[in-house]
Amino acid sequence: TRDSLPSRRSQRAIPAATVSPWPSDPPEISIPGVYDAIPDIGFHHRGAEKMGERQTWHTYMPYTDRIDYVAAMTANEGYAMAVERLLGVTEKIPRRAYYCRVVASELCRIASHHVGTGTMVMDIGGFTPFLWWLREREVINDFMEELCGARLAYNYMRIGGVGARIPPRFHPRVLRW
């Protein structure tokens, strides 16, 4: 490793920092003015609970699909089911809505697994399977776009059901896929 890296603003050298990727090892930092750095994993989505304090139950639903971009429907479904239990209205939810939720969540789960296993394969040197999984994920994104009009932050679930009926040609296309 080099002891210094050239700065973009000037040609003077700045000290290089060595940061350990393992959470159990303290990072070794040699930058003037930085005396301590403590890695803390788990605050990627901090503030979501605080935002929820100023929202109504219905208006917080879109925030839940930002928690997990790859499998947003599962976060939506978990939040909707929790609110429905708090309200005591689980018996009033139509069975069709439960089926729609399961189909949407399972498609998102498959897409999430595609991205996860694809990136794991890249870690051991394979790139082609990742591209295959992304292609399949694009098919799922087409399904989600047909279902709710979005490709990333879906927001299809609602407290008490779902946002819309499943389109007529949706089931045969999913089964054929």
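Hydrogens, waters and symmetry mates play no part in the numbers below; they use all other heavy atoms, side chains included.
- Across every non-hydrogen atom of His171 and Val103, the tightest pair is CE1-CG2, 4.4 Å.
- Two different hydrophobic clusters hold Met157 and Met81 under the rule that ILVMFWY side chains link at heavy-atom gaps under 4.5 Å.
- A continuous path of hydrophobic side-chain contacts links Val83 to Met51 [ILVMFWY only; heavy atoms under 4.5 Å].
- Of all heavy-atom pairs spanning Pro168 and Pro172, the tightest one is O-CD, 3.9 Å.
- Neither Val70 nor Tyr79 shares a network with the other; the hydrophobic side chains, linked directly or stepwise wherever heavy atoms of I, L, V, M, F, W or Y lie under 4.5 Å apart, form separate groups for each.
- A salt bridge between Glu84 and Arg101 is present, with a side-chain N of the basic residue lying under 4.0 Å from a carboxylate O of the acidic one.
- Shortest non-hydrogen contact noted between Pro94 and Gly160 is CD-O, 3.9 Å.
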For this session: Start with the C-alpha distance between Thr117 and Met120, add both sets of side-chain angles, then the distance that settles side-chain contact (heavy atoms from CB on, under 4.5 Å), and finish with yes or no.
Result: CA-CA 5 Å; Thr117 55; Met120 282 188 267; 4.2 Å; yes
For this session: Dump the intermediate steps for side-chain contact (heavy atoms from CB on, under 4.5 Å) on Asp65 and Met73, then the final yes or no.
Result: CA-CA 7 Å; Asp65 49 59; Met73 293 284 192; over 6 Å; no
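- Applying the side chain to side chain donor-acceptor pair (under 3.5 Å) rule to pairs touching residues 147-162 yields Glu138-Arg151, Asn141-Tyr154, Asp142-Arg151, Glu145-Arg151, sequence neighbours excluded.
- Residues Phe170 and Val139 fall within the same hydrophobic cluster, defined by Ile, Leu, Val, Met, Phe, Trp and Tyr side chains chained together at heavy-atom separations under 4.5 Å.
- A single hydrophobic cluster is not seen to contain both Ile93 and Leu86; linkage of ILVMFWY side chains at heavy-atom distances under 4.5 Å, directly or through other members, places them apart.
- Residues Leu147 and Ala104 approach most closely at CD2-CB, 3.9 Å, considering heavy atoms.
- In this structure, Val174 and Phe143 have side chains that are in contact, with non-hydrogen atoms separated by less than 4.5 Å.
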For this session: Output, in order, the C-alpha distance, side-chain angles, deciding distance and verdict of side-chain contact (heavy atoms from CB on, under 4.5 Å) for Tyr99 and Ile166.
Result: CA-CA 10 Å; Tyr99 293 135; Ile166 290 182; over 6 Å; no
Exercise. Between Phe127 and Leu131, does a side-chain contact (heavy atoms from CB on, under 4.5 Å) hold up when you go through it step by step?
Worked result: CA-CA 7 Å; Phe127 187 68; Leu131 297 177; 3.4 Å; yes
